[in-house]
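Take a look at the structure below.
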Amino acid sequence: MTSTAPETQRGQDAGDPLGEQPTSWQRRLRRFGHVPRPETSLRDRLDPPWTRPGRQVWSVLAIPPHVADRLVRWSAWGGPLLVTLVAGLLRFWRLDQPNAVIFDETYYAKDAWALVNQGYEGSWPKDVDKLILKDPSSVPIPTDPGYVVHPPVGKWIIGFGEQLFGFTPFGWRFMVAVLGTVSVLLLCRIGRRLFRSTFLGCLAGLLLAVDGLHFVMSRTALLDLIVMFFVLAAFGCLVVDRDRSRRRLAAALPVDEEGVLRPDARVAETLRLGWRPWRLAAGMMLGLACATKWNGLYVLAAFGLMTVLWDVGARRTAGAARPYMAVLRRDLTPAFLSTVPVAIVTYIVSWTGWIVTDKGYYRNWAAAEGKGSSWSWLPDWLRSLWHYETQVYDFHVGLTSGHTYESNPWSWLVLGRPVSYFYEEQAGCKESSTGKCAAEVLAIGTPLLWWLACFALAYVVWRWLFRRDWRAGAIACGVAAGWVPWFFYQERTIFLFYAVVFVPFLCLAVTMLLGAIVGPAAGTGARADLGLTSKDPTGERRRTLGAIAAGVLVLLIIWNFIYFWPLYTGTSIPEDLWRDRMWLDTWV
């Protein structure tokens, strides 16, 4: 078992890389828990080493060292793949149930079917859902264009599953379930790289696998989980880019006669970091997120700022006297070109189906109503697309009609008002005192996980501010990018399930908290993080008790997921049991 403590000290960017005395503000912050960075090599600060499990576990299991080394290497991919397998089995089990068009599937399933068959969304007649469920082949695709308020990428993805498995509940949910499953694998690998620990990476993925909101959204043909997938993929690309660029900096720094890496202001301020394909990939992923739903724009801005600040930290650690100026000269323009223009091009390309047809909604606006505009020198399709986007923006900001399940973003973390996607009451249920059974699909996170995440976020913010831990800042950035923008639209009709975009970062925050509860092994940064010395005889006992406490919390979260399983899958249960699971009045 590992913890986050050793890598925290190696991976910090703040502080003086030359090891000078702390500044006055750092001394004042010590009363809040700030500690100066311990003596760590410059190479380890730029390129932190990976945590290796202790030999005690292998000795107890009587596993030879050479076999243990092979298992450790295998676990880097084997562990994440095992967690992903469990997540996939859960998400694909009875994926076609309930056999109904639930919640907003009524929009996206049909729009996706029209999109993959004719390149644009159609205007479907009302009350066609029952006919689709009964015999989809008998329902013609409408040729009249439909007015849609979200970009097309998410619907193209849903439509791909429909092309494979038909215009059925399983077909339109298939690709969302695939992305939900793969996102667990992504989080395992991202967590592993972030914490330099395979165990903690797999723990983060396991928490995502048993989160109720992520689970329900993985089994429903809505767009928000698709946005989450691309946001998480972009974050992973940026973390890889951070590692590679810092490794390149380390390779360029001078080594003294004793073989010790030394900071060098000239190298740190003038070195060009060259081709950064992972940052380009992140720009493409963020473009796809924006091309699924517009809230991806806020993530693009937040992640763009985050990756630039990472460059500042890297150059400071390498010895730059003026790291911000160095980044302004060397990194800012490439960072912008690698993300924003790439995202814009990706977004426009996603509209290809609408562009190449002449029947899409507003497709001919420029040639008709927009004729004679001062912008007529631009291509008609581009002016028509711009007009379409302005109309959609007006719709989104003006969407204030009330809804039974709308909620304020202030209540999201405590799961104040979940969304019921499907509810069916059945009479003649002998197991219930009321004579009724209930089947519901409730879009709600695993309560114990989310309530623990409230404390974990407080810990992450504290660790970022007072321990100068870049990983805590990255996690906080992911949560803020997906959550804070909704506070600017509190008068708009919004729902709890929008929060699925930052659920992976909640899982990372909880993982970081659990790692701190476990504590570091003796002699691996304990002085800085836990107030223990490496010779403290109580260190191992403290770690054992921490491991037990963290394990109990994880088991309780898994139990909580199992307990709410009927509400996640639409399983029919006696109404008494259904009411037992309504822990808050606002859940009904």
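Position 1 is the first residue of the sequence; numbering continues from there.
- Checking side-chain atoms of D144 against main-chain N and O of G122 turns up no donor-acceptor pair under 3.5 Å.
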Verdict with reasoning, R219 to V176, per side chain to side chain contact (heavy atoms under 4.5 Å, CB included): CA-CA 7 Å; R219 294 167 54 88; V176 184; over 6 Å; no
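- For the residue pair E389 / Q391, no side-chain donor-acceptor distance below 3.5 Å is found, with atom types taken as modelled.
- A 6.0 Å sphere centred on CH2 of W386 holds no more than 12 heavy atoms belonging to other residues, nucleotides or ligands.
- Classification of the Y498-F495 ring pair by plane angle, with boundaries at 30° and 60°, yields perpendicular.
- Each of F215, W578, W583 was evaluated against F564; a single residue qualifies, W583, per the ring pair (Phe, Tyr, Trp, His ring centres under 6.0 Å) test.
- Counting all heavy atoms, side chain and backbone alike, L514 lies closest to V554 at CD1-CG2, 3.7 Å.
- Nearest heavy atoms, V342 versus T346: O-OG1, 2.7 Å.
- Using a 4.5 Å cut-off on side-chain heavy atoms (C-beta onward), F561 and L90 make contact.
- Interatomic distance, CG of L508 versus CZ of F235, reported as 6.5 Å (0.5 Å rounding).
- The backbone N or O of G236 lies less than 3.5 Å from no partner atom in the side chain of R193, so there is not a single donor-acceptor pair.
- Side-chain contact of Q118 with T143: a donor-acceptor pair under 3.5 Å is absent, judged by distance alone.
- Although no hydrogens or angles enter the test, the distance criterion places a donor-acceptor pair under 3.5 Å between the side chain of T446 and the main chain of V210.
- Using bins of under 30°, 30° to 60° and over 60° for the plane-to-plane angle, the ring pair F395/Y147 lands in the perpendicular bin.
- Using cut-offs of 30° and 60° for the angle between ring planes, the F103 and F497 rings count as perpendicular.
- Using bins of under 30°, 30° to 60° and over 60° for the plane-to-plane angle, the ring pair Y405/H403 lands in the tilted bin.
- The existence of a salt bridge linking D241 and R276 is confirmed by a sub-4.0 Å separation between a basic side-chain nitrogen and an acidic carboxylate oxygen.
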Salt bridge (Lys or Arg N to Asp or Glu O under 4.0 Å) between D96 and R173, intermediate numbers included: CA-CA 8 Å; D96 59 340; R173 295 169 190 163; over 6 Å; no
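- Judged by distance alone, the side chain of W113 and the main-chain N or O of G159 form no donor-acceptor pair under 3.5 Å.
- Residues T220 and E105 have side chains that never bring a donor and an acceptor to within less than 3.5 angstrom of each other.
- One finds no salt bridge joining E406 and R417 here, because no Lys/Arg side-chain nitrogen approaches an Asp/Glu carboxylate oxygen to under 4.0 Å.
- Judged purely by distance below 3.5 Å, without hydrogens or angles, the side chains of D129 and T106 pair a donor atom with an acceptor atom.
- Within 6.0 Å of CZ on F455 lie no more than 12 heavy atoms contributed by other residues, nucleotides or ligands.
- Here the side chain of R189 pairs no donor or acceptor atom with the backbone of P80 at under 3.5 angstrom.
- What you find for C202 and C188 is that their closest heavy atoms are CA-SG, 4.0 Å.
- Between Y120 and W354, the gap from one ring centroid to the other reaches at least 6.0 Å.
- Between W124 and F167, the two ring planes are tilted [angle within 30° to 60°].
- Side-chain N or O atoms of W351 include none that pairs as donor or acceptor with a backbone N or O of A291 at under 3.5 Å.
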Side chain to side chain contact (heavy atoms under 4.5 Å, CB included) between I132 and V101, intermediate numbers included: CA-CA 9 Å; I132 292 173; V101 180; 5.7 Å; no
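- Under the 30°/60° scheme for interplanar angles, the aromatic rings of F502 and W412 are found to lie parallel.
- Taking the six-membered ring where the residue is Trp, the centroids of F487 and W410 are separated by under 6.0 Å.
- Under 3.5 Å, the side chains of S183 and H214 contain a donor-acceptor pair of N or O atoms.
- With E440 contributing its side chain and L567 its backbone, the two residues share no donor-acceptor pair below 3.5 Å.
- Ring planes of F505 and F303: perpendicular class, angle over 60° (limits at 30 and 60°).
- No side-chain donor from either of E575 and S432 sits under 3.5 Å from a side-chain acceptor of the other.
- Around atom CG of D127, no more than 12 heavy atoms belonging to other residues, nucleotides or ligands sit under 6.0 Å away.
- Judged by distance alone, with hydrogens and angles left aside, the side-chain atoms of S197 form a donor-acceptor pair with the main-chain N or O of L200 at under 3.5 Å.
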ring-ring contact (aromatic ring centres under 6.0 Å, His included) between W381 and Y388, intermediate numbers included: CA-CA 10 Å; W381 66 265; Y388 195 169; over 10 Å; no
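- Between the side chains of R192 and T198, at least one donor N or O lies within less than 3.5 Å of an accepting N or O.
- Counting all heavy atoms, side chain and backbone alike, A509 lies closest to V460 at CB-CG2, 3.8 Å.
- The two residues A439 and Q426 make their nearest non-hydrogen contact at CB-NE2, 4.2 Å.
- No more than 12 heavy atoms of other residues, nucleotides or ligands lie within 6.0 Å of CE in M284, so this atom counts as exposed by the packing criterion.
- For the atom pair CG of N295 and CG of D224, the computed distance is 7.0 Å after rounding to the nearest 0.5 Å.
- Annotation: the span from M175 atom CE to I157 atom CD1 amounts to 6.5 Å, rounded to 0.5 Å.
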Evaluation steps, side chain to side chain contact (heavy atoms under 4.5 Å, CB included), between S384 and Y362: CA-CA 6 Å; S384 296; Y362 279 134; 5.5 Å; no
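- The residues R581 and D576 are annotated as not salt-bridged, no charged nitrogen and carboxylate oxygen being separated by less than 4.0 angstrom.
- The backbone N or O of G304 sits nowhere less than 3.5 Å from a side-chain atom of T307 that would complete a donor-acceptor pair.
- For F160 and F174, the ring centers are positioned 6.0 Å apart or more.
- R363 places a side-chain N or O within 3.5 Å of a backbone atom of I355 that can act as its donor or acceptor partner.
- Remark: the W486 side chain and the N408 side chain contain no N/O donor-acceptor pair separated by less than 3.5 Å.
- Minimum interatomic distance between G146 and Y361 (heavy atoms only, all atoms of both residues): O-CB, 3.5 Å.
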Audit row: L413, L506, side chain to side chain contact (heavy atoms under 4.5 Å, CB included) steps and yes/no: CA-CA 10 Å; L413 286 184; L506 293 183; 4.1 Å; yes
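- To the nearest 0.5 angstrom, L213 atom CG is 9.5 Å from L442 atom CG.
- A tilted orientation is assigned to the rings of W93 and W565, their planes being inclined by 30° to 60°.
- Ring centers of Y563 and W559: under 6.0 Å apart, within the cut-off.
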